2 protein chains.
Amino acid sequence: MTTHPPVTVRFFGGLGEIGANMAAVEVDGAILLIDVGLTFPDAEHYGVDLILPDWSHLRDRAGDITAIVITHGHEDHVGALPFFLREFGEVTVFASRLTAGLIEAKLAEHPHVSADLRTVEAGERLQEGPFDLEFVGMTHSIPDGFGVALHTPHGTILHSGDFKLDQTPIDGRPTDLPHLAEIGDGGVDLLLADSTNADVPGHVPTERTVGRTLSQVLDEATGRVVITTFASHIHRVQQALDAARDNERVCCFIGRSMVRNMPIARDLGYLAYDDQDVVDLAEIEALPPERVALICTGSQGEPFAALSLMAAGRHKQIRIAPGDTVVLASSVIPGNESAIFRTINGLTRQGARVVHKGVADIHVSGHAAADELQFFHNIVRPRAFVPVHGEYRHMAAHADVAVACGLDRQRVLVCEDGDSVELENGEVRAGPSFAAGRVFVDGLGVGDVGDAVLRDREVLSSEGVCVTVLTLDGHAQLVGTPEVVQQGVVDREDGSALLEKAASTLADALRAGEERGSEEAVVRRTSVETLRQFWREETGRRPVILPVLIDL
Amino acid sequence: MTTHPPVTVRFFGGLGEIGANMAAVEVDGAILLIDVGLTFPDAEHYGVDLILPDWSHLRDRAGDITAIVITHGHEDHVGALPFFLREFGEVTVFASRLTAGLIEAKLAEHPHVSADLRTVEAGERLQEGPFDLEFVGMTHSIPDGFGVALHTPHGTILHSGDFKLDQTPIDGRPTDLPHLAEIGDGGVDLLLADSTNADVPGHVPTERTVGRTLSQVLDEATGRVVITTFASHIHRVQQALDAARDNERVCCFIGRSMVRNMPIARDLGYLAYDDQDVVDLAEIEALPPERVALICTGSQGEPFAALSLMAAGRHKQIRIAPGDTVVLASSVIPGNESAIFRTINGLTRQGARVVHKGVADIHVSGHAAADELQFFHNIVRPRAFVPVHGEYRHMAAHADVAVACGLDRQRVLVCEDGDSVELENGEVRAGPSFAAGRVFVDGLGVGDVGDAVLRDREVLSSEGVCVTVLTLDGHAQLVGTPEVVQQGVVDREDGSALLEKAASTLADALRAGEERGSEEAVVRRTSVETLRQFWREETGRRPVILPVLIDL
């Protein structure tokens, strides 16, 4: 029997609704965070810029936060770090060399926050406060990622980070299965592991298949080639650079994050190219098309990304021309389909051949699929399992994988954001839930836009707004004619006759009511009801009605 | 040499931007329409209900419209018919028996429109005005579709409609290749053909593969099974009914369109089931789960569809329980990914096993893929080709297919909505373009919401609206304090202090300006600029600013 309180793992994001990964492990009153990610809004998040996990549960525990481990450099694992540091002050952050380099570049853009950034190597073991941490090299779609084992007084917890099991990765550093086996030999009491592709049968092909397709496309291309991918996918950029060099093409990086990240990756030794093989845009314009490869961002059809501007014929320097080949060496992030297809259509219309995932083997996932996860479970042999990093459907599928590998269904806890689990003497149980959720960043505001504001924006977005200004005398009687203005309900130019009619309809309704005596609340209600009915009858629409009452 | 004017084909929709199919063929001054479809809005069409093709080009040609051919019963081919008939009055409509049945049901919901509906059989040839029409049976994801050949004084035009080349379709009626070969023997001077899957390599598997998967899923299911698909996909419903019967399950149709369409299909002989095999919900509730199959709509995650309500635990009669199996026997229509995944997550969370396209062979496309299109081209042997029914990328890929089959690139015209082609003495050339585009249906309005209103709604949707009411004396001098209200910018309850600050900032700015003399235009501009800056500095947001000036 130990006298230590149970170890608690709390899930703030990444399990279900919020794709911003963040977990907190508490040992003897000290807290270690694993990842502090953010996620990007979709069409349902009207005007929101970023989404953070709600870490308010930690607000009165600031003094207990011992360190943060960032498993790898993707935004959904590290993106919220500046916001977190702004709120909690300087914290020790453990990261791999590349991840630390990317964090440094990120923090340089946030002058008022700082971190005590400590670089660790995969394979390293270290002690920080009560935390005995062991880092395991994992392969992913960004180099130098790791998982982390926490040896606690109640047992060992292994967090996989994001990973795949590519046995021939570009950097020759596959996920360290021997190390995982060794940790498994020591006993893993609780495994937390990446569920992203747990519902995808089979295996993910090696990243090298993308390189082979790239070489083939470059061989076939008679004109200029544009290759887009994620600016964090350094191995894919390496393959693009290599294929271009073999095809006697000179490269140019296009797009802010591509231009920013690649020199960092090269300086740190994660990307290799000769100076003469990557030049700037002015130099590349002097070369014949068949000697050129542009490596650029914008694979998700982002409106102001270089590729989208090229597709729309609005890029300042680069005009797509017949004979060009554009390669989208990327996945389609759900929600971006329409934007990506619009980009492909625009490029095709200008005469480019477009090679994308739908028609060629030009992308592989960074996450292990179901059959590979079986290898992982059988190597780690956990005594209990919580699937992480996925929507509910992925975590449920990962639970099935664990059971198929022999784990008792009772020892698999499918959790969601706001859930916790406790580990005591090697036994895992569900812990209390806590308030978790999404925090929206909109402009300068963090957390001041909530569901109520989004509901307002949703109605505004589909129906528009109608404002009426009513001048009242001291007895809440209408003076003159109401002013009625609208935006987004009908066309501004065509709508003026309708607004006059609305004003007179409203005046009639208010004057009819006055006979029964008036008060402001009644005037307000009558206005809303009258205008609501007016718009419904005239247009079938239900704009937001905003009455403003002016007292003389 | 003929004395007939050239035959013109005009493309109103379905080629590029607008997925609502409609083409017009003009022969000797008479016009035949092929399909009058609509399409559904996505997130970019703030609040719009439906999208129609813009047929205003035909407005002064109403007397020349001889007939409409509807190739099959999908909404993107027939959905706009009631709107068209409302504008143009009764028109002759040729359709197959099933298509006509669905049109009748649709027109019954629009009491003020009517059509002279004439049922035709695949294989039939008829004359209507100057149009010599020959209907060819085509297989698709709805039964009884056809293509149409138009024999004109200048040559033969063949329009494929939507089709696939499943050689073992459920109804035993594959696309009539011998008939197409015969028409080809006579010479096809212009082919218009479905491009939907022209960029998908290979062949589409037979619909029967879906039946095999359904049988397997039903065999494995220990509890209730819910099967969702499109209510127009009668063959798939037939396979679901057959698999359920073989698995000794009783079925129930759920969802408005499923309940409406299936009896029509059965009455017309396109769907077969015994009375005791399909019962209503009350009866089914009395049966043990393993004897039940629900066949329902909602495969696209539509918010109020039966399946979405089940996923959210809000369906009035049906509660999903552990042991249930839910089958999404459907595609993912781009733009619906998030809603569909939310549905799958909700069902999984309630304990259901969810079988969908991502994890099982439970859907096949209704459109021929690239390698099948080669068969089609080599059988028809057209002398000229215009790819139709697709986005630009699909039509460009279909052009490549035609060229690969031996057609001269000069004889392939890639057109878009608003383009036309002319056929004269067997030769095809590009004709003049005309004004085409999208017409939005929003509430009661058809066409009154345009791009300007959508831009207004877009800004409202992401930034909200701020209204200020300024009371001015006769010299455009501010009286009292401005009223400032907002919606969708900040939280309504938290925002009141901010609004007071906005009002006083605005009053200060206006009074500072008054020293230089005022006029209303200046007051208006100052208000907009001051409030714009205020919100930017305070929140980083850019709401719509609506100033309302009240003259005393």
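Keep in mind that this is a model prediction, so the values were computed, not measured. Computation of the quantities below employed the complete heavy-atom set of this structure, encompassing side-chain atoms and omitting hydrogens, waters and symmetry-equivalent molecules. The sequence lines fix the lettering, A, B, ..., with proteins before strands; numbering per chain opens at 1.
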Shortest non-hydrogen pair, A/I320 vs A/A352, comes out as CG2-CB, 3.6 Å
(request) Using a strict 4.0 Å threshold on nitrogen-to-oxygen distance, state whether A/D442 and A/R457 make a salt bridge. (result) yes
Can you list the steps and then say if B/D451 with B/R455 is a side-chain contact (heavy atoms from CB on, under 4.5 Å)? CA-CA 6 Å; B/D451 290 336; B/R455 271 195 303 275; 4.0 Å; yes
When the 4.5 angstrom heavy-atom criterion is applied to B/E458 and chain A, the contacting part is neither
message: When you measure from the side chain of A/Q300 to the backbone of A/I333, do you find a donor-acceptor pair of N or O atoms at a distance under 3.5 Å?
response: yes
Highest number of heavy-atom pairs under 4.5 Å with chain B among A/V359, A/V414, A/V332 belongs to A/V359
Turns out that what part of A/D491 lies under 4.5 Å from chain B's heavy atoms comes down to both
Given B/I344, B/D448, B/D494, B/L454, the one with more heavy-atom pairs under 4.5 angstrom with chain A than any other is B/D448
Okay, B/R342 and chain A: the region with an atom under 4.5 Å from a heavy atom over there is side chain
Greatest number of non-hydrogen atom pairs under 4.5 angstrom with chain B, of A/S461, A/G464, A/A397, falls to A/S461
**Heavy-atom donor-acceptor pair, B/N197 side chain to B/H367 backbone, under 3.5 Å** = yes
Pair count under 4.5 Å, heavy atoms only, with chain B: among A/A43, A/G47, A/G495, A/G16, highest is A/G47
* B/D417 (side chain) donor-acceptor with B/G14 (main chain) under 3.5 angstrom -> yes
Counting heavy-atom pairs under 4.5 angstrom with chain A, the leader among B/A396, B/G488, B/G443 is B/G488
Tell me if a side-chain donor or acceptor on B/E337 pairs with a main-chain N or O of B/G335 at a distance below 3.5 Å. yes
Counting heavy-atom pairs under 4.5 Å with chain A, the top scorer among B/H394, B/E391, B/R349 is B/R349
Interface check, chain B: of A/R492, A/E538, A/E463, most non-hydrogen pairs under 4.5 Å belong to A/R492
Answer key: most heavy-atom pairs under 4.5 Å with chain B among A/R542, A/H45, A/R541, A/E537 is A/R541
Taken in chain and number order and not counting sequence neighbours, the residues that satisfy side-chain contact (heavy atoms from CB on, under 4.5 Å) with B/V548 are A/V469, A/E483, A/V485, B/V467, B/V469, B/I550
Highest number of heavy-atom pairs under 4.5 Å with chain A among B/D456, B/V459, B/V200, B/V453 belongs to B/D456
Interface check, chain A: of B/Q487, B/R393, B/E416, B/M395, most non-hydrogen pairs under 4.5 Å belong to B/R393
If one checks every heavy atom of B/V489 against chain A at 4.5 Å, the contacting part turns out to be backbone
Applying a strict 4.5 Å limit to non-hydrogen atoms, the region of B/E44 in contact with chain A is side chain
OG of B/S195 to NE2 of B/H389, rounded to nearest 0.5 Å, is 9.0 Å
Interface check, chain A: of B/N345, B/L460, B/T348, most non-hydrogen pairs under 4.5 Å belong to B/N345
Sorted by chain and number, sequence neighbours left out, side-chain contact (heavy atoms from CB on, under 4.5 Å) with B/S527 holds for B/T468, B/L470, B/L506, B/L510, B/V523, B/P547
